[in-house]
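What you are looking at is a predicted structure, and each value in this text was computed from that prediction instead of being measured. Throughout, a chain's letter reflects where its sequence line sits, starting with A, and its residues are numbered from 1.
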2 protein chains.
Amino acid sequence: MTKDFNANALRVILRRMSEPSDAVPRPAEPSLEEQIAAYQREFQDLDPQVEKVVSALQRLNRRMNVAYGRQTATLGISNAEWEVLKALVVSGAPYRLGPGELAKRLGLTPAAMTHRIDRMASEGLVNRERDENNRVRVIVELTTEGREKWLEAMRLASVFEEDLLQDLDSRERGLLGDVLTRLLRRVEDAQPDAEGRLTDLD
Amino acid sequence: MTKDFNANALRVILRRMSEPSDAVPRPAEPSLEEQIAAYQREFQDLDPQVEKVVSALQRLNRRMNVAYGRQTATLGISNAEWEVLKALVVSGAPYRLGPGELAKRLGLTPAAMTHRIDRMASEGLVNRERDENNRVRVIVELTTEGREKWLEAMRLASVFEEDLLQDLDSRERGLLGDVLTRLLRRVEDAQPDAEGRLTDLD
DNA sequence: GCTTCGAACTTTAGAGTTGAAGTCTTCAGC
DNA sequence: GCTGAAGACTTCAACTCTAAAGTTCGAAGC
């Protein structure tokens, strides 16, 4: 190893020059404003108003999912399992659905559903049994324990959600809910073409 | 096999009785209104106004991600890869970040980042090289091709997003952006406690 | 009744993620 | 300089999801 006597010191200096003010750890990602400004620099046609809505929507959802994940983890379940519990509760008493129907509602493949039900059955959250009227079909039924877990998760979630919306008064909450519902209907009703463009169904 | 002569016919009748009106295929999941009504039946303390906002947010985001996925697929990349391209573009010229920094910005583990960069480097979307000033570090740099891909994806996405917000006038878009930003700030600034409750930092 | 088609679910193989352990480089003290 | 500790990334094993093939049962035609 033939090195110049100060090569090491030089490297250190160069490195420090390249990142001089890193003493205070920065946030995990740039702020929304910085992000949109960067997009505009690189893509002139961007409508900043539209981008603000869309980016905020995406970030908000990611943060919320992290928060839900922390909550469900304290109950010993995952967000994925909570989704299944929710679908069964929404289906109403007697809280029974087939794997295929569950998969459709959760937007999963039937194969993934099989595995989730395996896990949840072994944890006692659901029962899996064959339909005696049609032995090809399977019935997934919420257990009492599963229903309790849903309720606990719901209690935690509703506290978090109330905290989240704390700064909005009732009028603002109503307006927000209505606007989001309109957007949702637009995505759900319109048939996107090959490029994903939404075509009107007027 | 000793069977009653009409056992099969009886089973058919029973099965039909248990699902009489399934001729018309139902939508994949219950409507937002049905979902909230079901929650309220099972959990009295629920605030339907809050739940409407939260559920609409979640559904909207899921649908949007499906739409983005269809678009990026037409470009031969995945949503995951698009996320990396976005982070690099947002970082600004010369479009270089380390794997660790990228992982933080995307909310991934460093291990997952390593694999993503493997793929994207083999597809020519990024270059991976060692930092000569500090040979522990790695620099991921956007290639020209990667930058083009980002631009194409952006063009598609902005059309979709404009379609999505089509029914909102400029005033509504502005208000929606502001409200969502307020919610986002609430999640980002507040430190959630063990149960995920947001504690004020006033 | 027998056979074939179709429906509902499961199994398998492959891709992507996480958490933990491992490797290599740099930093700090002696 | 040498040595141990810390940092940045990678590797490994286990897990979850998708797509496709496989299995089992029921329905319809002969």
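Between B/Pro30 and A/Arg105 there is a side-chain heavy-atom pair separated by less than 4.5 Å. Within the 4.5 Å cutoff, no side-chain heavy atoms of A/Val187 are placed close to those of B/Arg59.
Closest to the side chain of A/Thr114, from the set D/dT24, C/dT18, C/dT11, is C/dT11. Of the listed nucleotides (C/dT18, C/dT26, D/dC17), C/dT18 has the atom at the smallest distance from the side chain of B/His115. Nearest to the side chain of A/Arg135, among D/dG26, C/dT17, C/dC9, sits D/dG26. Taking the side chain of A/Pro99 as heavy atoms from C-beta on, and the options D/dT18, D/dC25, C/dC9, the nearest nucleotide is C/dC9. Minimum atom distance to the side chain of B/Arg119 is reached by C/dT17, of the listed C/dT18, C/dT17, D/dT18. Across D/dT11, C/dT10, C/dG16, the shortest atom-to-atom separation from the side chain of A/Arg128 is found for C/dT10.
Look at CG on A/Leu102: it is 11 Å from P on C/dT10, rounded to the nearest Å. The distance from atom CD1 of B/Ile117 to atom P of C/dG16 is 14 Å, rounded to the nearest whole Å. Nucleotide C/dT17 holds its C1' atom 15 Å from the CD atom of B/Glu83, rounded to whole Å. Atom P of nucleotide C/dT25 and atom CG of B/Asn133 are separated by 15 Å, given to the nearest angstrom. Remark: C1' of C/dA15 and CE of B/Met120 are 16 Å apart, rounded to the nearest angstrom. One can place CG of A/Leu106 at 16 Å from P of D/dT16, the figure rounded to the nearest angstrom. When rounded to the nearest whole Å, the span between CD of A/Glu129 and C1' of C/dA8 equals 16 Å. Between the P atom of C/dA8 and the CG atom of A/Leu97 lies a distance of 14 Å, rounded to the nearest Å.
Checking the phosphate oxygens (OP1, OP2) of D/dT24, no side-chain nitrogen or oxygen of A/Arg137 falls inside 4.0 Å.
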Between B/Glu81 and B/Thr72, does a side-chain hydrogen bond (donor to acceptor under 3.5 Å, both in side chains) hold up when you go through it step by step? CA-CA 9 Å; B/Glu81 291 173 325; B/Thr72 52; over 6 Å; no
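Under a 4.0 Å N-O distance rule, the pair A/Lys86/B/Glu29 does not qualify as a salt bridge.
For A/Gln49 (side chain) and B/Arg173 (main-chain N/O), no donor-acceptor pair under 3.5 Å exists by modelled atom type.
Between A/Val136 and B/Gly98, the residue anchored nearer the 5' end of DNA chain D, judged by the nucleotide with its closest heavy atom, is B/Gly98. Annotation: of the two residues near DNA chain D, A/Arg130 and A/Ala111, the 5′-most nearest-nucleotide partner is A/Ala111.
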